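Let me begin by presenting the structure, written as structure tokens, before commenting on it.
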Amino acid sequence: QVQLVESGGGLVQAGGSLRISCAASGDRVSAYAMGWYRQAPGKQRELVATIPSGGRTNYADSVKGRFTISRDNAKNTVNLQMNSLKPEDTAVYYCTLVTFGGRSYWGQGTQVTVSS
């Protein structure tokens with residue numbers, strides 16, 4: 001019953017910035033924890049950042065200090081501001097939401113490519 005749609009991916013040069021967004025629809029979306037994962041070709045999907053309702057943001061060590069996750073509950077959106085991008089940040093980025101019952105929802109993913 002929850003739908004997530006990512007947008008904003010694209011091509012950027014190393015050192016540049018990109019902002020990707022996730023639009024969430026469904027009942028009580030603002031109450032659930034949300035986050036971003038990423039997956040590079042041939043690699044495991046990894047957690048990038050999480051933002052439970054009310055704060056307590058968490059980041060992977062590889063992106064800490066460069067990425068910022070935020071959410072706008074009025075618009076039911078979650079954003080990931082990515083600064084100082086590196087080629088190793090290249091991946092498909094997926095938005096995720098977890099309900100109180102532990103059910104996970106996923107977006108379709110948006111491609112982020114960082115060139116050197």
Side-chain angles (χ1 to χ4, degrees):
Q1 295 181 346
V2 174
Q3 292 186 338
L4 306 173
V5 180
E6 302 99 331
S7 63
L11 175 66
V12 63
Q13 290 201 332
S17 298
L18 199 65
R19 182 181 177 90
I20 56 176
S21 299
C22 174
S25 62
D27 192 33
R28 295 181 59 80
V29 164
S30 63
Y32 304 133
M34 297 185 68
W36 291 92
Y37 282 77
R38 67 185 182 186
Q39 186 169 28
K43 297 183 179 179
Q44 294 286 94
R45 185 173 58 190
E46 66 173 344
L47 180 65
V48 176
T50 59
I51 183 167
S53 179
R56 292 207 309 167
T57 57
N58 290 280
Y59 301 91
D61 289 341
S62 60
V63 307
K64 188 170 295 185
R66 299 188 298 118
F67 291 10
T68 302
I69 187 170
S70 62
R71 66 192 300 169
D72 185 340
N73 288 333
K75 297 181 178 180
N76 288 333
T77 59
V78 174
N79 303 305
L80 186 67
Q81 178 66 45
M82 301 178 288
N83 299 326
S84 301
L85 283 162
K86 305 174 181 179
E88 50 262 44
D89 294 320
T90 296
V92 177
Y93 284 71
Y94 297 92
C95 178
T96 187
L97 176 151
V98 182
T99 68
F100 298 141
R103 183 174 181 179
S104 298
Y105 293 86
W106 298 86
Q108 81 287 351
T110 186
Q111 177 70 48
V112 173
T113 302
V114 184
S115 64
S116 59

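Predicted model only: the values in this text are computed from it and were never measured.
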Answer whether the closest heavy-atom distance between the side chains of [X] and [Y] falls below 4.5 Å.
{"X": "Ile51", "Y": "Trp36", "result": "no"}
{"X": "Asp89", "Y": "Val112", "result": "no"}
{"X": "Val92", "Y": "Thr110", "result": "no"}
{"X": "Val5", "Y": "Gln108", "result": "yes"}

Which atom of [X] lies closest to which atom of [Y], heavy atoms considered:
{"X": "Gly10", "Y": "Leu18", "value": "N-CD2, 3.8 Å"}
{"X": "Ser84", "Y": "Ser17", "value": "N-OG, 4.3 Å"}
{"X": "Ala91", "Y": "Ala40", "value": "CB-N, 3.8 Å"}
{"X": "Val29", "Y": "Ala24", "value": "CG1-CB, 3.4 Å"}
{"X": "Ser53", "Y": "Ala31", "value": "CB-O, 3.7 Å"}

How far apart are the C-alpha atoms of Ser21 and Thr77, what are their side-chain angles, what is the distance that settles it, and do they pass the side chain to side chain contact (heavy atoms under 4.5 Å, CB included) test? CA-CA 7 Å; Ser21 299; Thr77 59; 5.6 Å; no
Does [atom1] in [X] sit with more than 12 non-hydrogen atoms of other residues, nucleotides or ligands closer than 6.0 Å?
{"X": "Arg19", "atom1": "CZ", "value": "yes"}
{"X": "Gln13", "atom1": "CD", "value": "no"}
{"X": "Glu88", "atom1": "CD", "value": "yes"}

Could you state the interatomic distance from [atom1] ([X]) to [atom2] ([Y]), rounded to the nearest 0.5 Å?
{"X": "Thr99", "Y": "Asp27", "atom1": "OG1", "atom2": "CG", "value": "11.5 Å"}
{"X": "Asn79", "Y": "Cys22", "atom1": "CG", "atom2": "SG", "value": "9.0 Å"}
{"X": "Arg66", "Y": "Asn83", "atom1": "CZ", "atom2": "CG", "value": "9.0 Å"}
{"X": "Leu4", "Y": "Ser25", "atom1": "CG", "atom2": "OG", "value": "7.5 Å"}
{"X": "Tyr94", "Y": "Leu47", "atom1": "OH", "atom2": "CG", "value": "14.5 Å"}

Between the main-chain N or O of [Y] and the side-chain N or O of [X], is there a donor-acceptor pair closer than 3.5 Å?
{"X": "Gln81", "Y": "Ile69", "value": "no"}
{"X": "Glu6", "Y": "Gly109", "value": "yes"}
{"X": "Thr90", "Y": "Val114", "value": "yes"}
{"X": "Thr96", "Y": "Gly35", "value": "no"}

Would you sort out whether Val63 and Arg38 count as a side chain to side chain contact (heavy atoms under 4.5 Å, CB included), showing the intermediate values? CA-CA 11 Å; Val63 307; Arg38 67 185 182 186; 3.8 Å; yes
In a check of side chain to side chain contact (heavy atoms under 4.5 Å, CB included) between Tyr93 and each of Gln39, Met82, Gln111, which one passes?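 Single pass found, and it is Met82.
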Might you work through the side chain to side chain contact (heavy atoms under 4.5 Å, CB included) test for Tyr59 and Thr50, ending with a clear yes or no? CA-CA 7 Å; Tyr59 301 91; Thr50 59; over 6 Å; no
Any luck finding a side-chain donor-acceptor pair between Asn73 and Arg71 under 3.5 Å?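 Indeed, the side chains of Asn73 and Arg71 share at least one donor-acceptor pair under 3.5 Å.
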Given the rule in the side chain to side chain contact (heavy atoms under 4.5 Å, CB included) test, do Thr68 and Leu80 qualify, once you have shown the distances and angles that lead to the verdict? CA-CA 6 Å; Thr68 302; Leu80 186 67; over 6 Å; no
Same cluster or not: Val98 versus Tyr32, using hydrophobic residues (I, L, V, M, F, W, Y) connected whenever any side-chain heavy atoms lie under 4.5 Å apart?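 Looking at the clustering, Tyr32 is in a separate group from Val98.
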Derivation and outcome, ring-ring contact (aromatic ring centres under 6.0 Å, His included), residues Trp106 and Tyr37: CA-CA 10 Å; Trp106 298 86; Tyr37 282 77; 5.0 Å; yes
